[in-house]
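Notes follow once the structure below has been shown.
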Amino acid sequence: AQSVTQPDIHITVSEGASLELRCNYSYGATPYLFWYVQSPGQGLQLLLKYFSGDTLVQGIKGFEAEFKRSQSSFNLRKPSVHWSDAAEYFCAVLPRGGSNYKLTFGKGTLLTVNP
Amino acid sequence: DTEVTQTPKHLVMGMTNKKSLKCEQHMGHRAMYWYKQKAKKPPELMFVYSYEKLSINESVPSRFSPECPNSSLLNLHLHALQPEDSALYLCASSFRDPPYEQYFGPGTRLTVT
């Protein structure tokens, strides 16, 4: 069955530390891949996306993600976390072909940043 | 400009009320979406409009009635809601052609009393 897994429900890091949020997917063909961030009570903001080409993609707010086909993973990274990065992070996938409308989200990872 | 706007920001309604949520985008997107999000959960797709026509209805109860009056506007009409319908309602839009990245609005926080 097609699925998106974010193994970590909650991660706590100290301000200035590095960050990696994990995302694995299970699809027949590599889907389109996205990371979204949601601050409390807010909408979702698109951080970055992977469609094809270079497997290391740069996004907004200093985030990057690496696509690894062999591991069916699309992990999000940031070298130095800021307190304002505290939020919920969702990995999402969109199958290639067909109507291409239905985003499938992971369950999310809540990031807490300690001062 | 990648902005999707939603009004109102907050809405409290009784179970017998009729209200509407509004969404607007000016990015030239021809696909628009309604999602429902409960606390600590990912968004759940409700409806998709493509070229102002309803394309997907994810078996949503008829007390939710979507409308797309033109390519920039999307409404969600609410009637006879239940307390369990209380949630954050998110609107999103995307280009019709691949790769369909969706841009979300800030949401309407709905409370049904």
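The chains referred to below are lettered A, B, ... by the order of the sequence lines, with proteins before strands, and numbering in each begins at 1. Note that the coordinates shown come from a computational prediction; the quantities given were computed from them, not determined experimentally.
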Legend entry - Proximal to chain B - members of residues 37-47 of chain A, heavy-atom separation under 4.5 Å: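 Only A:Q38, A:G41, A:Q42, A:G43, A:L44, A:L46 of residues 37-47 of chain A have a heavy atom under 4.5 Å from chain B.
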Answer with side chain, backbone, both or neither: which region of [X] has an atom nearer than 4.5 Å to a non-hydrogen atom of chain A?
X	result
B:E58	side chain
B:E44	neither
B:S50	both

Inset, instruction - For atom NZ of B:K38, decide whether the heavy atoms of other residues, nucleotides or ligands shown that lie under 6.0 angstrom number more than 12. - result: yes
Inset, instruction - Please report the C-alpha distance between A:E66 and A:R77 in whole Å, then the side-chain angles of each, then the deciding distance to 0.1 Å, and finally whether the salt bridge (charged side-chain N to carboxylate O under 4.0 Å, His left out) criterion is met. - result: CA-CA 8 Å; A:E66 186 172 13; A:R77 301 195 295 242; 3.0 Å; yes
Legend entry - Cation-pi, B:Y89 ring and B:K36 (6.0 angstrom, 45 degrees):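 So B:K36 doesn't make the cation-pi contact.
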Legend entry - Nearest heavy-atom neighbours spanning B:Y35 and B:A92: CE1-CB, 4.1 Å
Legend entry - B:L21 versus B:P8, closest heavy-atom pair with distance: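 For B:L21 versus B:P8, the nearest heavy atoms are CD2-CD, 4.2 Å.
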Inset, instruction - Can you label the angle between the B:F104 ring and the A:Y36 ring as parallel, tilted or perpendicular, going by 30° and 60°? - result: perpendicular
Inset, instruction - Examine distances only and state if a side-chain atom of B:R109 and a backbone atom of B:L11 form a donor-acceptor pair shorter than 3.5 Å. - result: no
